[in-house]
Amino acid sequence: MDVILIRFGEISLKGANRGKFENALKDNIRAFLKKEGISFFGVRSSSGRIFIDKPSTLPDLSRVLGIVSYSPAWEFVDLEEVKEFLAAREELFSKASSFRITASRADKSYPLTSPQIEREVGEVVFEKFKTPVNLKNPEINVGVEYIEGSFYVYFEKIPGWGGLPVGISGKLVVLISGGIDSPVAAFLMMKRGARLILVHFRKSPYVDKIPELHKILSSYAVGVEPELIILDLKKISSFYKIMTEEPLTHRYMCVLCKNMMLKVAEKIALKKGALGIVTGDSLAQVASQTLENLAAQRYGVKLPVYSPLIGMDKVDIIDIAKKIGTYEPSIKHREEPCPLHRHPTTTADLNKFLALREKVIKKLGYIPWEKF
Ligand code: ATP
Ligand code: MG
């Protein structure tokens, strides 16, 4: 392997955005290679591709978000060299049941068209090894790409996660619990280019999975790792202790608590220059996530709240959690029953919620989320 050829792709990428995208992706790739201890000659972009020149080994680049696919490739100065290289791959072609050549040209000034390149190169392989050509479903699909005066040849396309490089979309605060959902929500927003600040309200006794989840999410954002802020959930419950004589309070604790988490997240976001808040809410998945409750919880939160899982089914969320590696740590430790979560209402009434919140503020004499 001479190079790793990397494909990225958002159809909307044009002009200045494209340069920004490429530079961010190259920076993230360099940071990732350094962390993995992989030496390389350079990382460059050319004609809509990124190249890692002379890498010491093939890394798992699916960890770098923004990459659609990548191929270990060999570089040649002309088509004759390509033919010689393929004609010497006896171990590959003599055992294969079929093959095809798939050519493309980034630079259309090359005198041969892509189908002509495919035919010329394919003929050499067929003459030498008599391996049948199968255009629809070949065992070996040989990629031949002509890019800025060089030919690149590869035999596999390894899929990445696609999306955008972490960091290019700006900052978001994520409310992260130890559950299955919020780490997936965090991942999906990172995949859209957001740099994250993870905020967790710790229940006691404290379990170690938040640092573990933070570590897994960080592995997809080398060089642009999420910040982790751990706060005490007890502080929230202590604000509501004064309300225990109120008949409705118990049933509204959960909604009040989520509202407070969002207000604290908003405060952190404003301080740190983040432009929104992310939660793992999924419509009607649990009692706290009915439309009534979500409307009450979010009342008075001025920054936008993004919930990428809102319309997803649990099985699909679990599927992503398993793929990214957060599922095991999320289910490993059984969650403490939440101290505020006794028979929560599923149909929070906005006026009742606001009246309760007012009462808390009045009795305390200050606004509780400002105490964080
Ligand atoms: P998750 O699987 O993410 O825990 P869930 O389905 O258990 O979600 P809830 O417990 O109602 O649902 O939480 C809804 C959202 O509120 C979470 O996805 C997360 O964004 C936020 N949240 C809940 N608990 C905490 C916490 N202790 N610290 C920070 N955020 C939290
Ligand atoms: Mg939860």
Side-chain angles (χ1 to χ4, degrees), residues 172-190 194 196-211 213-214 216-217 226-237 252-269 274 276-298 301 303-322 324 326-346 348 369 372:
L172 289 171
V173 167
V174 182
L175 278 172
I176 188 153
S177 70
I180 296 166
D181 303 323
S182 39
V184 173
F187 175 81
L188 292 177
M189 297 316 276
M190 274 203 316
L196 305 181
I197 301 158
L198 306 178
V199 174
H200 175 68
F201 287 89
R202 159 172 59 190
K203 296 173 196 169
S204 60
Y206 180 55
V207 285
D208 223 19
K209 61 175 150 176
I210 296 299
L213 290 167
H214 175 241
I216 295 167
L217 290 170
E227 185 182 342
L228 176 61
I229 299 175
I230 294 178
L231 302 168
D232 200 345
L233 188 76
K234 264 210 194 119
K235 229 168 145 182
I236 293 186
S237 53
Y252 274 66
M253 279 284 204
C254 192
V255 175
L256 284 161
C257 172
K258 290 270 157 58
N259 178 250
M260 178 115 134
M261 285 187 191
L262 287 165
K263 291 303 288 179
V264 176
E266 180 176 53
K267 202 181 150 205
I268 294 169
I277 303 162
V278 179
T279 73
D281 291 311
S282 172
L283 183 57
Q285 191 195 94
V286 290
S288 63
Q289 294 165 11
T290 60
L291 284 178
E292 289 89 342
N293 288 12
L294 289 170
Q297 282 161 34
R298 293 169 183 211
V301 181
L303 283 180
V305 179
Y306 299 109
S307 301
L309 314 182
I310 198 73
M312 283 174 71
D313 291 342
K314 192 77 184 184
V315 282
D316 298 322
I317 299 169
I318 288 176
D319 196 43
I320 300 175
K322 284 183 176 165
I324 63 176
T326 56
Y327 182 73
E328 286 302 322
S330 283
I331 60 159
K332 196 160 63 185
H333 314 275
R334 250 179 72 99
E335 284 242 40
E336 280 278 295
C338 183
L340 300 175
H341 207 127
R342 289 178 209 108
H343 314 294
T345 178
T346 54
W369 51 84
F372 279 86

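Just so you know, ligand 1 is whichever comes first in the structure, and atom 1 is the first atom listed for that ligand.
- For the pair V199 and ligand 1, a heavy-atom separation below 4.0 Å is found.
- Residues L198 and H214 come closest through the heavy atom pair CD1-CD2, 3.7 Å.
- Put simply, CD1 on I317 and CG on D181 are 4.5 Å apart, with the number rounded to the nearest 0.5 Å.
- For F201, a nitrogen or oxygen atom sits less than 3.5 Å from a nitrogen or oxygen atom of ligand 1, counting backbone and side chain alike.
- In this structure A321 satisfies the side-chain contact (heavy atoms from CB on, under 4.5 Å) test together with I180, V184, T326, Y327, sequence neighbours excluded.
- In terms of heavy-atom proximity, P211 sits nearest to D208 at CD-O, 3.1 Å.
- With ligand atoms numbered from 1 in the order given, ligand 1 contributes 17 (C), 18 (O), 20 (O) to contacts under 4.0 Å with heavy atoms of G280.
- Taking every heavy atom of both residues into account, C257 and I236 meet most closely at SG-CG2, 4.0 Å.
- Where the criterion is an N or O separation shorter than 3.5 Å, residue side chain and backbone included, K314 fails it with respect to ligand 1.
- The heavy-atom pair separating S282 from Q289 by the smallest distance is O-OE1, 2.7 Å.
- Contacts with ligand 1 closer than 4.0 Å are made by backbone heavy atoms (N, CA, C, O) of I176 only, the side chain lying farther away.
- Counted within 6.0 Å of NZ on K234, heavy atoms from surrounding residues, nucleotides or ligands total 12 or fewer; the atom is thus considered open.
- Against a heavy-atom cut-off of under 4.0 Å, G179 is close to the following atoms of ligand 1: 1 (P), 2 (O), 4 (O).
- By heavy-atom distance, the residue among R202, K258, H200, Q297 lying nearest atom 23 (C) of ligand 1 is K258.
- Using a 4.0 Å heavy-atom cutoff, I180 is listed among the residues neighbouring ligand 1.
- The minimum heavy-atom distance between F372 and M260, with the atom names listed, is CE1-CE, 3.9 Å.
- In terms of polar-atom proximity, defined here as any N/O pair under 3.5 Å, S177 does make such a contact with ligand 1.
- Contact between H200 and S177 at its shortest, heavy atoms only, is ND1-CA, 3.8 Å.
- By the 3.5 Å distance cut-off applied to N or O atoms, G178 is not counted among the residues near ligand 1.
- Taking a cut-off of under 4.0 Å to the non-hydrogen atoms of T279, the atoms of ligand 1 that pass are 20 (O).
- For ligand 1, the polar-atom distance check finds an N/O of D181 within less than 3.5 Å of one of the ligand's N/O atoms.
- Taking only nitrogen or oxygen atoms, main chain and side chain alike, L175 reaches within less than 3.5 Å of ligand 1.
- Ligand-side atoms of ligand 1 in range of D281: 14 (C), 15 (C), 18 (O), range being under 4.0 angstrom from any heavy atom.
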